[in-house]
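If you read the sequence from its start, that first residue is 1, and numbering goes on from there.
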Amino acid sequence: MTEASVREFKMPDVGEGLTEAEILKWYVQPGDTVTDGQVVCEVETAKAAVELPIPYDGVVRELHFPEGTTVDVGTSIIAVAVGDGAAAEPVREAEAPAAPEAEAAPEAEAAPEGRQPVLVGYGVATSSTRRRPRKGTQAPVQAAPPAAAAIQAEMNGHGPAAPVTRERPLAKPPVRKLAKDLGVDLATVTPTGPDGIITREDVHAAVTAAQAPEPPAAPAAQAPAPAPAAPSSAPVSYDTARETRVPVKGVRKATAAAMVGSAFTAPHVTEFVTVDVTRTMKLVEELKQDKEFAGLRVNPLLLIAKALLVAIRRNPDINASWDEAAQEIVVKHYVNLGIAAATPRGLIVPNIKDAHAKTLPQLAESLGELVSTAREGKTSPAAMQGGTVTITNVGVFGVDTGTPILNPGESAILAVGAIKLQPWVHKGKVKPRQVTTLALSFDHRLVDGELGSKVLADVAAILEQPKRLLTWA
């Protein structure tokens with residue numbers, strides 16, 4: 001039997017030029033056998049959550065970082081013994097990383113299983129479950145209580161705590177969720193349950209202690225808030241008596257930077273139009289019964305997307321970008337149609353590649369796949385790159401309209417407001433009609449008022465008379 005060798009799997013660059021990613025979830029533990037192509041963990045970059053497959057067969061020797069740790073690209077995250085002797089190698093169970101930044105409270109930022117990130121306005125299932133780490137035969141499960149107690153003692157001003165090896169606090173999923181909702185770092189909670197398990201009562205006791213007024217005689221000895229006691233590479237939300245502070249990271253951090261850059265780089269202009277979409281709503285109901293759309297999701301967004309694509313074909317200069325370095329306007333001869341999506345990690349904009357070339361049933365199928373992928377939280381970085389024009393549907397929240405900010409690198413974004421039954425003059429009489437308001441924001445460096453107005457007017461005209469999808473196509 002040949003001797004096994006240990007291979008280190010490094011954090012890859014799963015996007016274009018990304019420098020770091022957060023480990024959301026481990027699917028394996030030390031001692032598990034893995035095969036080439038098996039997914040071993042899920043990570044979150046500044047753009048999306050991505051599953052990482054291991055590129056070889058072997059036995060997991062060590063996980064270098066716990067869930068919730070942000071790791072630089074190129075850093076080894078897991079050690080795997082490969083070769084014929086791999087199974088015979090002794091396996092050490094999840095040693096505590098030496099670096100202090102590896103000590104993290106993963107439950108506060110990890111994406112909860114069961115929660116469904118979906119397109120704007122289609123609702124979010126709020127169920128949340130997490131898997132508790134497996135207990136290893138050599139892992140000292142009793143180490144967590146002394147560590148937590150030592151940290152708590154230091155926070156309470158009882159002198160510096162002796163160096164301890166911090167284990168991940170033991171708690172059942174409902175208790176972890178409770179701690180997350182209340183902004184409590186489980187590493188600071190003293191457990192009273194059997195085998196050092198943190199109970200709901202322990203969490204509530206920690207909140208009560210944190211919110212208690214400071215004793216007049218020793219004001220400096222009382223911690224002002226249940227903030228993390230030690231530096232952590234995975235910042236968590238925490239409460240003070242009157243505020244909740246949420247670290248800006250991951251998708252939200254990238255989105256904020258992109259929106260600020262877009263708002264202060266591209267001069268935005270927004271135009272509005274209110275339109276009678278009664279005929280479009282009737283067509284939606286008819287298409288639902290059409291055999292060509294069997295098994296496909298047909299909704300107003302489908303026809304709005306098609307209307308925008310037709311308007312772009314009639315006014316192709318709207319589908320462009322501004323090249324600052326070359327001082328050129330780049331007109332795209334394809335449309336990658338972005339659909340803004342709200343997820344627990346923040347706003348993302350996946351896009352349908354070559355949407356301009358799709359038939360209506362094909363467009364419905366692509367929209368359905370985009371929705372399903374977003375609900376599963378599996379939108380890849382590639383799916384969010386290369387967009388040219390975006391639609392954001394704020395109407396499903398009951399909002400009439402808004403002034404959307406351009407997705408960076410794009411020239412236009414269409415906001416769709418709520419479709420409501422309103423009094424409307426139709427054929428000379430006031431009648432109840434289905435009415436909505438559209439808002440189109442565009443980059444005024446490359447789109448002037450005439451071009452922007454033509455595009456918005458075309459979309460409105462199609463939605464008012466959807467037969468124009470045929471006559472203008």
### Query
Can you check whether Val43 reaches Glu22 side chain to side chain, under 4.5 Å on heavy atoms?
no

## Note on the structure
Taking every heavy atom of Leu63 against every heavy atom of Val60, the minimum-distance pair comes out as CD2-CG1, 3.9 Å

### Query
Is any side-chain N of the basic residue among Glu286 and Lys282 closer than 4.0 Å to the acidic one's carboxylate O?
no

### Query
Donor-acceptor pair, Thr35 side chain versus Gln38 backbone, under 3.5 Å?
no

### Query
Are side-chain N/O atoms of Thr278 and Gln434 paired as donor and acceptor at under 3.5 Å?
no

### Point-to-point distance, once rounded to the nearest 0.5 Å, from CD1 of Ile348 to CD1 of Ile339
12.0 Å

### Query
So, does Asp317 use its side chain to make a donor-acceptor pair with the main chain of Ala320 at under 3.5 Å?
no

### Query
For Leu414 and Ile304, what are the C-alpha separation, side-chain angles and deciding distance, and is it a side-chain contact (heavy atoms from CB on, under 4.5 Å)?
CA-CA 10 Å; Leu414 178 69; Ile304 293 168; 4.1 Å; yes

### Query
Does Leu438 reach the side chain of Phe272, with side-chain heavy atoms less than 4.5 Å apart?
no

### Query
Any side-chain donor paired with an acceptor under 3.5 Å for Thr270 and Ser441?
yes

#### Entry: From Glu42 atom CD to Tyr27 atom OH, the distance as rounded to the nearest 0.5 Å
4.0 Å

#### Entry: Minimum heavy-atom distance Val371-Arg297, with the two atoms named
CG1-NH1, 4.2 Å

### Query
Does a side-chain heavy-atom distance below 4.5 Å link Arg433 with Leu421?
no

### Query
Any side-chain heavy-atom pair from Lys420 and Thr436 closer than 4.5 angstrom?
no

### Query
Counting N and O atoms only, with roles assigned by atom type, does the side chain of Thr373 sit under 3.5 Å from a partner on the main chain of Glu369, one being a donor and the other an acceptor?
yes

### Under-4.0 Å salt bridge between Asp458 and Arg468
no

### Query
For the residue pair Glu20 and Val73, what are the closest heavy atoms and their distance?
N-CG2, 3.7 Å

## Note on the structure
What one should report as the nearest heavy-atom pair of Val184 and Ala206 is CG1-CB, 4.3 Å

### Closest non-hydrogen atom pair between Leu446 and Ser321, with its separation
CD2-C, 3.6 Å

### Query
Phe293 versus Lys288: any side-chain heavy-atom pair under 4.5 Å?
no

### Message
Using side-chain contact (heavy atoms from CB on, under 4.5 Å), reason through Val277 and Arg279 one step at a time and then give a plain yes or no.
### Response
CA-CA 6 Å; Val277 295; Arg279 293 184 179 90; over 6 Å; no

### Query
Does Leu451 offer a backbone N or O that forms a donor-acceptor pair with the side chain of Asn315 under 3.5 Å?
no

### Task
Kindly say whether Gln362 contributes a backbone atom to a donor-acceptor pair with the side chain of Ser366 at under 3.5 angstrom?
yes

### Cationic N near anionic O, under 4.0 Å, Glu51 to Lys378
yes

#### Entry: Heavy-atom donor-acceptor pair, Asp57 side chain to Asp36 backbone, under 3.5 Å
yes

### Query
Can you list the steps and then say if Thr437 with Asp400 is a side chain to side chain donor-acceptor pair (under 3.5 Å)?
CA-CA 6 Å; Thr437 299; Asp400 291 332; over 6 Å; no

### Closest non-hydrogen atom pair, Ile462 against Thr280
O-OG1, 4.2 Å

### 4.5 Å side-chain heavy-atom contact, Val59 and Val80
no

### Message
Within a 6.0 Å radius of atom NZ on Lys332, are there more than 12 heavy atoms belonging to other residues, nucleotides or ligands?
### Response
yes

### Task
Look only at the side chain of His268 and the backbone of Leu406, and say whether a donor-acceptor pair between them is shorter than 3.5 Å.
yes

### Message
With side-chain contact (heavy atoms from CB on, under 4.5 Å) as the criterion, how do Phe65 and Ile23 come out once you've worked through the C-alpha distance, each side chain's angles and the decisive distance to 0.1 Å?
### Response
CA-CA 8 Å; Phe65 299 96; Ile23 299 174; 3.8 Å; yes

### Query
Thr390 and Glu410: side-chain donor and acceptor closer than 3.5 Å?
yes

#### Entry: Atom pair CG (Leu440) and CD (Glu271), whose distance is rounded to the nearest 0.5 Å
7.0 Å

### Query
Any side-chain heavy-atom pair from Val275 and Val435 closer than 4.5 angstrom?
no

### Check: Val335 main-chain N/O paired with His356 side-chain donor or acceptor under 3.5 Å
yes

### Message
Quiz question: by atom type and distance under 3.5 Å, do the side chains of Ser411 and Asp443 form a donor-acceptor pair?
### Response
no

### Message
Between Arg7 and Arg61, does the side-chain contact (heavy atoms from CB on, under 4.5 Å) criterion hold? Intermediate values first, please.
### Response
CA-CA 9 Å; Arg7 300 190 63 176; Arg61 292 291 302 277; over 6 Å; no

### Message
Checking the side chain of Glu67 only, and the main-chain atoms of Trp26 only, is there a donor and an acceptor separated by less than 3.5 Å?
### Response
yes

### Message
What's the separation between atom CG in Leu52 and atom NZ in Lys10, rounded to the nearest 0.5 Å?
### Response
15.0 Å

### Query
Going from NE2 on His64 to CD1 on Ile78, what distance comes out if it is rounded to the nearest 0.5 angstrom?
8.0 Å

### Message
Using the side chain to side chain contact (heavy atoms under 4.5 Å, CB included) definition, which of the options Leu309, Leu363, Asn336 pairs with Ile352?
### Response
Leu363

### Query
Any side-chain heavy atom of Leu337 within less than 4.5 Å of one from Asn351?
no

### Rounded distance (nearest 0.5 Å) linking atom CE of Met11 with atom OG1 of Thr69
9.5 Å

